[in-house]
Amino acid sequence: MGENQDRTPLRYDQTGLRGRLARVLVAEPTDEIDWPADLPAGIERVVILDDTPNPHHTLRVCPPGETTRVALVVFDQLALCDDPPEV
């Protein structure tokens with residue numbers, strides 16, 4: 001799959017994530033207890049609001065341009081995009 005080439009998988013201890021654009025790697029993103037994230041169906045990209053994953057291994061994210069719609073997503077369901085930061 002050629003589109004996987006621009007993905008940098010997130011690590012549980014990664015820092016410097018705040019404001020970075022990330023690809024959603026799963027069809028239905030979830031939080032740490034496997035509850036569906038409050039994100040639009042089929043969303044492909046989100047903006048990361050936290051600098052590093054929290055102790056539950058989740059990150060607060062929002063759809064680009066929708067900073068009031070915040071959801072928790074497990075870090076390993078996301079990959080950094082090569083695009084410039086959004087927020």
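Owing to the predicted nature of the structure, the values given are computational and were not obtained by experimental measurement.
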Heavy-atom closest pair (Y12 atom, P53 atom, distance to 0.1 Å) is O-CG, 3.5 Å

Does any non-hydrogen side-chain atom of L59 lie less than 4.5 Å from one of L10? yes

Pairs touching residues 31-43 that satisfy salt bridge (charged side-chain N to carboxylate O under 4.0 Å, His left out), sequence neighbours left out: D38-R69

I'd like to check the side chain to side chain contact (heavy atoms under 4.5 Å, CB included) partners of R60; sequence neighbours left out, ordered by chain and number. L49, D50, V70, L72

Listed partners of D51 passing side chain to side chain contact (heavy atoms under 4.5 Å, CB included), at least two apart: T15, R18

To the nearest 0.5 Å, what is the distance between CZ on F75 and CG on N54? 11.0 Å

Closest non-hydrogen contact found for P63 with P40 is CG-CD, 3.8 Å

Does E28, at its CD atom, have more than 12 non-hydrogen atoms belonging to other residues, nucleotides or ligands within less than 6.0 Å? no

For residues L78 and V61, report the shortest heavy-atom separation together with the two atoms involved. CD1-CG1, 4.0 Å

Any side-chain donor-acceptor pair under 3.5 Å between Q14 and T52? no

Nearest 0.5 Å please: distance from the OG1 atom of T30 over to the CH2 atom of W35. 12.0 Å

Looking only at heavy atoms, the pair that brings C81 and R20 closest together is O-NH2, 3.7 Å

In Å, rounded to the nearest 0.5 Å, how long is the span from OG1 of T58 to NE2 of H56? 7.0 Å

Verdict with reasoning, V24 to E44, per side-chain contact (heavy atoms from CB on, under 4.5 Å): CA-CA 5 Å; V24 178; E44 295 180 0; 5.8 Å; no

I48 vs L80 side-chain heavy atoms within contact, under 4.5 Å: yes

Between V73 and V26, is the side-chain contact (heavy atoms from CB on, under 4.5 Å) condition met? List the steps. CA-CA 11 Å; V73 175; V26 296; over 6 Å; no

